[in-house]
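None of these values were measured; they are calculated from a predicted model.
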There are 2 protein chains.
Amino acid sequence: MSITQTQIAAKLGVSQPAVAFALSDTPQALRQLSTETRELIIQTAQQMGYVPHRAAQRLSRARSDNRAASFDQAGFIYLGGAEQDIDSICLTMMQGVENELSKLHASLTFVRVCEPGDWKKVERLMRGSGVDGWLLVGRVNDEVVDRLNSAPLNGIPYVILGDHRCTRPVHSVNVDHHAVGRLAVEHLASLGHRRIAILKGGTDFVYQRQILEGFRAARKELGLEDEERLAAHASIWMDPRNGGMKITDSAIGWLKQNGLLPTAMFIPEPGSAIDFDPVLKQWEVEVPRSMSVVGCGFTPSRAAGQNSTFVEWPIAEVGHQGALLLHRIAAEQNAASVELKIPPSLVKGWSTGPCNMEPAK
Amino acid sequence: MSITQTQIAAKLGVSQPAVAFALSDTPQALRQLSTETRELIIQTAQQMGYVPHRAAQRLSRARSDNRAASFDQAGFIYLGGAEQDIDSICLTMMQGVENELSKLHASLTFVRVCEPGDWKKVERLMRGSGVDGWLLVGRVNDEVVDRLNSAPLNGIPYVILGDHRCTRPVHSVNVDHHAVGRLAVEHLASLGHRRIAILKGGTDFVYQRQILEGFRAARKELGLEDEERLAAHASIWMDPRNGGMKITDSAIGWLKQNGLLPTAMFIPEPGSAIDFDPVLKQWEVEVPRSMSVVGCGFTPSRAAGQNSTFVEWPIAEVGHQGALLLHRIAAEQNAASVELKIPPSLVKGWSTGPCNMEPAK
DNA sequence: CTGAAAGCGCTTACAG
DNA sequence: CTGAAAGCGCTTACAG
């Protein structure tokens with residue numbers, strides 16, 4: 001069924017190891033064979049559709065563990081009960097990871113860990129030499145990291161994707177949420193807006209706090225109005241059962257009645273901005289004429305709203321970089337801890353425009 | 001690092017194959033060793049934390065392919081550009097699959113296929129003997145199935161999870177969507193409702209049509225009012241960019257003005273029912289006093305709304321059964337095609353109650 | 001009926 | 001410098 005090195009060797013009348021050397025990149029291989037033979041072998045292998053037997057490769061490599069060369073199996077640990085609506089973010093990250101791994105001819109094993117007993121699965125995979133490195137997504141904290149650092153799980157490198165709550169030094173890749181808040185403000189400020197509100201979904205989660213920080217820092221630096229009541233009273237209600245966010249229209253009413261209506265609003269919860277339009281209409285606020293709105297979103301299919309302006313979270317890129325980082329630290333035994341932040345980008349749409357009005361006093 | 005059979009053998013002063021036999025379930029193994037020795041070996045292996053080396057097992061099994069015994073690697077193919085908001089459904093299915101596979105000591109490899117070139121990844125995995133069977137989720141059609149049935153991918157069993165558009169006989173597992181529609185009607189009818197509307201999100205997708213069929217069949221069988229306008233004019237607007245559903249409140253207005261307001265409503269799109277409450281309030285419809293609402297949802301965390309009544313789609317169970325089916329057909333070479341339908345269940349909540357009023361004429 | 005040998009498909013150290 | 005041998009950790013057919 002599948003082609004083996006031995007079959008190729010037989011066809012060309014060379015030894016099986018000769019084929020192995022021709023197909024490897026080790027410095028030794030180059031002098032083992034004439035360039036001519038090497039080329040011939042490579043060509044033949046290709047046209048016969050040769051693909052190395054994964055299990056055989058892994059087993060063989062077990063002899064002399066060359067950590068650099070033997071990275072071909074990553075594990076994706078989804079730690080359930082996560083903060084935030086992690087599902088679609090998680091899948092998008094996985095796609096980014098898988099995409100990058102496939103270029104390295106490595107594959108991705110999915111493991112879900114929800115209760116303590118589930119760590120047995122991780123341990124089993126590790127003991128059976130089934131995985132060369134872990135990617136962690138979800139509820140990652142010191143307890144999880146301690147588990148991975150100590151016997152019997154230690155020795156396998158890991159990288160955390162997305163938000164986490166670890167205090168120990170770890171390798172991680174995440175969206176630069178600080179920059180998310182900053183980017184929204186900068187865009188709106190460039191359009192002339194000076195009274196910019198943020199519609200928070202809460203401050204419980206790491207990303208929420210980081211976005212808020214970035215938002216405030218940028219607003220301060222640019223000398224914009226810093227009306228705390230704008231943030232305090234406009235809040236997004238989050239329904240944990242649904243994973244969705246709803247805007248409390250009472251917040252808008254309050255702002256309007258108190259003459260605090262901003263000329264621009266930033267809605268950081270991904271996909272929430274689209275809910276906003278009908279609520280605003282109800283209060284006779286027209287987007288973008290009387291108010292600009294910047295939302296958040298990720299991946300083409302999950303934008304904040306139909307062609308509206310939003311800050312795009314580079315979730316897939318987090319996956320890509322996570323895979324690359326894991327591959328790197330799997331090779332270099334003890335690399336210094338890396339916390340990578342991927343910058344978001346602004347996608348301009350119809351929901352933002354120049355500031356036409358003086359903010360209501 | 002990891003324990004091997006040889007190490008166990010050395011410790012007990014038996015041969016390595018003796019250990020192998022003790023740990024296997026083959027009939028031959030039983031007579032090879034005394035029950036006593038066998039027990040001792042098993043015990044020792046366990047307390048030494050022995051886990052078979054996956055790659056070694058696979059490689060060794062390659063010699064005499066006993067298809068039944070050598071199932072330990074499934075591949076999960078996510079076919080992108082799917083209909084419906086598949087992401088969270090997909091992840092829930094994966095969890096179900098992984099859960100079941102882990103009991104079989106098998107693991108799950110994630111592969112994303114979005115463009116034709118991505119099939120190279122599938123082919124590579126197959127040629128490298130990296131996978132014993134496939135689970136397919138997403139945009140599955142005849143073209144995909146033909147690909148898996150013909151060289152160079154053929155010979156590996158596969159099961160489709162969720163909706164698909166294949167006309168050829170295939171193995172598949174899905175929610176019984178027909179029963180979803182039926183269940184909603186039956187519950188509402190049992191509460192005395194006779195004018196029951198369905199708020200369709202569309203009829204483009206397979207599941208939408210099946211739910212509608214089930215809904216209508218049940219309504220007919222139970223002799224309930226069959227006012228087509230109820231369905232025709234109450235529609236859910238779906239925003240593909242967001243993956244979310246929104247209810248057009250104009251539909252409610254139309255129904256009310258025309259005296260067609262039903263006493264109960266079924267909202268089949270998962271997670272949409274929660275959006276409904278504020279819209280209904282706006283039209284002075286109070287749930288459940290003047291109208292009962294049944295939504296849809298899946299997995300505990302994705303119910304249709306906070307403690308509201310909904311039909312639960314057994315998505316995780318689809319994953320479970322899919323894994324089991326794949327395992328089965330991987331063993332029995334050519335099993336007849338199986339299309340498994342998993343029945344949904346009704347979760348009762350606050351949003352439904354007895355029919356108090358005569359429907360408006 | 002028992003027990004040690006062959007072999008899965010690779011990688012690479014190591015004899016010649 | 002070359003080329004065939006050893007070995008990774010298993011499974012199970014096959015000599016004795």
Side-chain angles (χ1 to χ4, degrees), chain A residues 1-10 12-35 37-38 41 45 48-73 105 127-130 132, chain B residues 1-10 12-35 37-38 41 45 48-73 105 127-130 132:
Chain A
M1 172 118 252
S2 294
I3 309 301
T4 66
Q5 291 182 353
T6 312
Q7 285 170 30
I8 298 170
L12 295 178
V14 298
S15 70
Q16 174 266 314
V19 176
F21 279 119
L23 297 172
S24 80
D25 283 334
T26 57
Q28 189 181 357
L30 297 172
R31 53 190 159 90
Q32 291 291 83
L33 302 159
S34 67
T35 317
T37 318
R38 197 177 132 87
I41 293 175
M48 289 176 81
Y50 171 75
V51 172
H53 191 290
R54 287 178 63 86
Q57 261 184 329
R58 298 214 107 226
L59 181 57
S60 185
R61 282 170 179 158
R63 187 149 55 126
S64 63
D65 68 329
N66 176 355
R67 308 182 94 248
S70 60
F71 183 90
D72 74 342
Q73 277 279 13
H105 292 320
R127 280 188 190 273
S129 304
D132 302 312
Chain B
M1 173 118 252
S2 294
I3 308 301
T4 67
Q5 291 182 355
T6 313
Q7 285 170 29
I8 298 169
L12 296 176
V14 298
S15 70
Q16 174 267 314
V19 176
F21 279 120
L23 298 173
S24 80
D25 284 334
T26 57
Q28 189 181 359
L30 297 171
R31 52 189 159 90
Q32 290 292 83
L33 301 158
S34 67
T35 317
T37 317
R38 197 177 132 87
I41 292 174
M48 287 176 82
Y50 171 74
V51 172
H53 191 290
R54 287 178 64 85
Q57 260 185 330
R58 298 212 108 226
L59 181 57
S60 185
R61 282 169 178 160
R63 186 148 56 126
S64 62
D65 67 329
N66 175 353
R67 309 182 94 247
S70 62
F71 183 90
D72 74 341
Q73 277 278 13
H105 294 319
R127 280 188 189 273
S129 303
D132 302 311

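- Partners of A:T37 according to the side-chain hydrogen bond (donor to acceptor under 3.5 Å, both in side chains) rule, which considers only residues two or more places apart in sequence or in another chain, are A:S34.
- Using a 4.0 Å heavy-atom distance criterion, B:Q5 is classed as a base contact.
- Atom name P, nucleotides D:dA15 and C:dC8: the rounded distance is 16 Å, in whole Å.
- When each of D:dC10, C:dC10, C:dC8 is scored by its nearest atom to the side-chain atoms of B:A62, the top-ranked nucleotide is C:dC8.
- Minimum interatomic distance between B:D132 and B:D72 (heavy atoms only, all atoms of both residues): OD2-N, 2.8 Å.
- The A:L59 side chain lies nearest to D:dG9 when the options are D:dG9, D:dC10, C:dC10.
- A distance of 10.5 Å separates CZ in A:R54 from NE2 in A:H105, rounded to the nearest 0.5 Å.
- In this structure B:A55 satisfies the side-chain contact (heavy atoms from CB on, under 4.5 Å) test together with A:A55, A:R58, A:L59, B:H53, sequence neighbours excluded.
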Between protein and nucleic acid, restricted to nucleotides 4-7 of chain C and to nitrogen or oxygen atoms under 3.5 Å apart, what atom pairs and distances do you find?
{"residue": "C:dA6", "atom": "N3", "partner": "B:R63", "partner atom": "NH2", "Å": "3.3"}
{"residue": "C:dG7", "atom": "O4'", "partner": "B:R63", "partner atom": "NH1", "Å": "3.3"}
{"residue": "C:dG7", "atom": "N2", "partner": "B:S60", "partner atom": "OG", "Å": "3.3"}

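- For the P atom pair drawn from D:dG7 and C:dG16, the interatomic distance equals 14 Å after rounding to whole Å.
- A donor and an acceptor atom, one from each side chain of A:Y50 and A:Q7, are nowhere located under 3.5 Å apart.
- Considering all non-hydrogen atoms of both residues, B:Q16 and B:Q5 come closest at NE2-OE1, 2.8 Å.
- A:Q57 pairs by the side-chain contact (heavy atoms from CB on, under 4.5 Å) definition with A:P52, A:R61, not counting sequence neighbours.
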Its dot-bracket string being built from Watson-Crick and G-U pairs below 3.5 Å, with | for another strand and [ ] for crossing, DNA chain D has the pattern |||.||||||||.|||
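- Judged as a side-chain contact (heavy atoms from CB on, under 4.5 Å), and not counting sequence neighbours, A:S60 has no contacts.
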